[in-house]
Amino acid sequence: MRFTVSQADFQEAFGSVAPVVPSKTTLPILSNVLMELEGNTLRLVATDLDVSILTEMEVQGERDGSLSVPAKKIGDIIRELEELDITLEADEGNRLQIIAGEGSYQLPGISSEDFPSLPEFEGAIEFSIPAETFDRLVQRTSFAVSRDELRPALTGVFLQLRPGELRAVSTDGHRLVRIIDSHFTYSGEPRELIVPVKALEMVRKNIIGDEDVKLIVGSNQLMAKMKHATLYSRLIEGKYPHYENVIPKDNSDRLIVSADQLARVVKRTQIFANPISRQVVFHLERDQLIIQAEDVELGGKGKESLPATYTGEDKQIGYNSAYVLELLKQIETDEVLFELGSTTAAGIVRPTEPREGEDFLMLIMPVRLN
Amino acid sequence: MRPELRQRLQDEVVPRERKPQKTKLVAHADMDAFFASVEERDNPALRGKPVIVGGQPGTRGVVTTANYEARKYGIHAGMSLTKAGLLCPNGIYVRTHGGKYSWVSIQVMAIFRKYSPSVEPASIDEAYLDIASCADRWGGPGRYAETIRREVRQTLGVTVSIGVGPNKITAKIASGLNKPDGQTILPLDNVLSVLGPLSVREIPGVGASTEEVLSDMGIHTIRELADCPVRVMQNRLGKYGEALRRIIRGEIESEITPLEERVDDKSMGHEHTFHEDVQNRDTLLARLLQLVDKATRRMRRDKYVGTLVILKLRSSQFRTRTHQRQLHHPTSDPFTIFRVGQSLLDEIWREEDGSVRLIGVSVGHLFRPGEECQGLQEDMFETPKAERLNGLFSAVDRLRDIYGEHVLEFAGGMEMLRRAGSIESVKH
């Protein structure tokens, strides 16, 4: 394999597959990116066995061939090179030579035969999502996905496809996001799937401009086709919990407060919270909200009140301040609406004005204070 | 359970000292046929007759203790009751009364603590005592051991045998040399004058496989082991061999850790050293489940939840590894903690990695919900589950308070032991 390519083009293409490379792995080959040259087309592939991504780019090919090379090292050297044409060549000993200006670099690769092959894919359902919608869905849901390996179903985003409606749900048990997009153009059979959050993030990163993302769903796999890249992902097996059951139906106490102001108050008071629990207490009174935090070990305390519209019983609810701040980040309206019930039950958080064609709801579980 | 008894239990269980201490002089105190002795004490009519604790012959289960009369018939702990029934049809078979033995054990340990600043219970019926600083006050180790034995016998009506040596292993061998109701004090300057002629199998931790290697090397007695050149031991048995040689020569000091349970605000856990090294995953898991059960029972009693699970493993080569995982949700649920422990075990150990000498588990980052501005984060899926389990475990805890720890055990652990071939059958 031998080809020449501009440093900038190569860096861009390489950058779109490299984030799939797992940072820790027991299989050394997965730390590599596969390069395959055929004519003037260079193919780059990275995989962590769950998620695989492939991109193709035009180069000046001289000799066809393939080799897998350590992603970290290649990424590091390409980034540091001047903006010149660079020549990459694989020798018989599976070594890669990089020639750039006066520099020449060599690093050992692993034969491409050892690189895992892309999954056989048979799609059953096909649909498209506009770039902007996809971006919103992923951004809104990915933060609440669980990292808990003990609950694998929660480590993905739950997608429910229904005619004319797409629902995306994520939760880690402490908070939950549900977003319903009613501009969804889909007329097939209803289908539910749990997609690893890494796959969705990878697609989002690889969307260029306002292209539609084409998604094809197989029995246990998903394929996403973009202009410059194709992604394959295993779907997470298992049953997603009945999330509708945990969304309270009769939370009658309503708090309306400036989202921005609340975020700033929480940021200030949480400095004085217990660093592990990050617990802040919302004191809810008629037309007033007091946020309070205390760290018994350190002896620090913080307390601040802010104007709010509250209708309901006076009460105190504890929350993890980090969760509150994450939720507030998702609010695009000036004010945020909390619909609350008992001090140990889920609270609903949403924008005061829904966006056209979108139903957006978040839940936050309190901290039991005593 | 009577309130004062419960208080006593708690006082006794919470250790006063926490740090392991090195010592030059160790006493190993080992109760004689403990369960059977307690039964004889409570029913003097049993004395002089073969008493077998465990259950009725022909029923499922094994002998937990046989008294010395019963041992004459070839009955020993761990034997199936069916076989015991065949060997000694006229024996007196008594079911195991766990709670009673625990209570006597607590009283015995309390006596030991009167005589030593640092007592490490090794199981319900044996303990190591650091006596380096106190034996002389009683006129030397011999008089010291006599004094403790007398107090146990007179106040509790059961007997204990004591061995004294330069480290735990030599002390433990010594305590077995003069049973029942006896004592052996090893001369510190010449441990081998007593231990030398014994078979290497008498050394705790030397099982069939090590014995075979030693036998290949022409080593059968402890003296032969002690006299073997260091190089040769290292070549054949690695670090373990070298350590073993130095231990039985009395050249290595031991650490005494007051109480097998280690309690502080940050973690709670238990560990177990196997009598014989274990290479079977199911056996390890069954033990892990028991340790988790013990640790979580204490967590519930003290109202702790934690978010860190730590697994500790020591190989037969004395290589110790710990591995830990942060939990997403604070818990004291034994099922969750066991599942995490199991996955940690599978990450650091496979059967082909060799046998295991010690397994331990602890839960860290403990806190009491509601205290010190740390409430319990509610979880929309886990909280309802935890509430159901709380009901279950408060019932389990009450039963155990009344009838002893073993009145209820996880069937999963028994099933694992059955798969491992350690017990014969389990009714499903």
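Quick note: numbers below take in every heavy atom, side chains included, and nothing from hydrogens, waters or symmetry partners. Residue numbers start from 1 in every chain, and the chains themselves are labelled A, B, ... in the order their sequence lines are given, proteins ahead of strands.
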* To do: Please flag which part of A:D172 lies under 4.5 Å from any non-hydrogen atom of chain B: side chain, backbone, both or neither.
  =>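 For A:D172, heavy atoms of backbone and side chain both lie under 4.5 Å from chain B.
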* Checking heavy atoms, do the side chain of A:Y323, its backbone, both or neither come under 4.5 Å from chain B? ->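 Just its side chain gets close to chain B.
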[X] [atom1]: over 12 foreign heavy atoms closer than 6.0 Å:
X	atom1	answer
A:K239	NZ	no
A:E244	CD	yes
A:R268	CZ	yes
A:R191	CZ	yes
A:K329	NZ	no

* Please tell me if the side chains of B:Q377 and A:Q279 come closer than 4.5 Å, counting only heavy atoms from C-beta onward. =>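 The answer is no; the side chains never approach within 4.5 Å.
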* Who wins among B:R339, B:Q326, B:R325 for the most heavy-atom pairs under 4.5 Å with chain A? ->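 That would be B:R339.
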* To do: Taking heavy atoms only and a threshold strictly under 4.5 Å, list by residue number the residues of residues 341-352 of chain B that touch chain A; give 'none' if the list is empty.
  =>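 At a heavy-atom separation under 4.5 Å, chain A is reached by no residue of residues 341-352 of chain B.
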* Take B:E387 and A:R368 through the salt bridge (charged side-chain N to carboxylate O under 4.0 Å, His left out) test and state the conclusion after the steps. => CA-CA 13 Å; B:E387 273 163 9; A:R368 190 184 289 247; 3.2 Å; yes
* salt bridge (charged side-chain N to carboxylate O under 4.0 Å, His left out) partners of B:D333, counting only residues at least two apart ->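 Testing B:D333 for salt bridge (charged side-chain N to carboxylate O under 4.0 Å, His left out), a comparison that skips the adjacent residues, returns none.
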* Asked: In Å and rounded to the nearest 0.5 Å, what is the CE to CE distance from A:M365 to B:M380?
  ->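 If I round to the nearest 0.5 Å, the distance is 6.0 Å.
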* Asked: What residue in A:V281, A:N320, A:T171 has the most heavy-atom pairs under 4.5 Å with chain B?
  ->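 Top option by heavy-atom pairs under 4.5 Å: A:T171.
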* Asked: In terms of the angle between their ring planes, are B:H329 and A:H174 parallel, tilted or perpendicular, with boundaries placed at 30° and 60°?
  ->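 Ring orientation, 0 to 90° scale: tilted.
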* Those residues that, when tested against A:K72, pass side chain to side chain donor-acceptor pair (under 3.5 Å) (two or more places apart) ->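 A:K72: side chain to side chain donor-acceptor pair (under 3.5 Å) contacts with A:D76.
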* Asked: Which members of residues 143-156 of chain A, sorted by number, sit under 4.5 angstrom from chain B on a heavy-atom basis?
  ->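 Against chain B, the residues of residues 143-156 of chain A that fall inside the cut-off (heavy atoms, under 4.5 Å) are A:D148, A:E149, A:L150, A:R151, A:L154.
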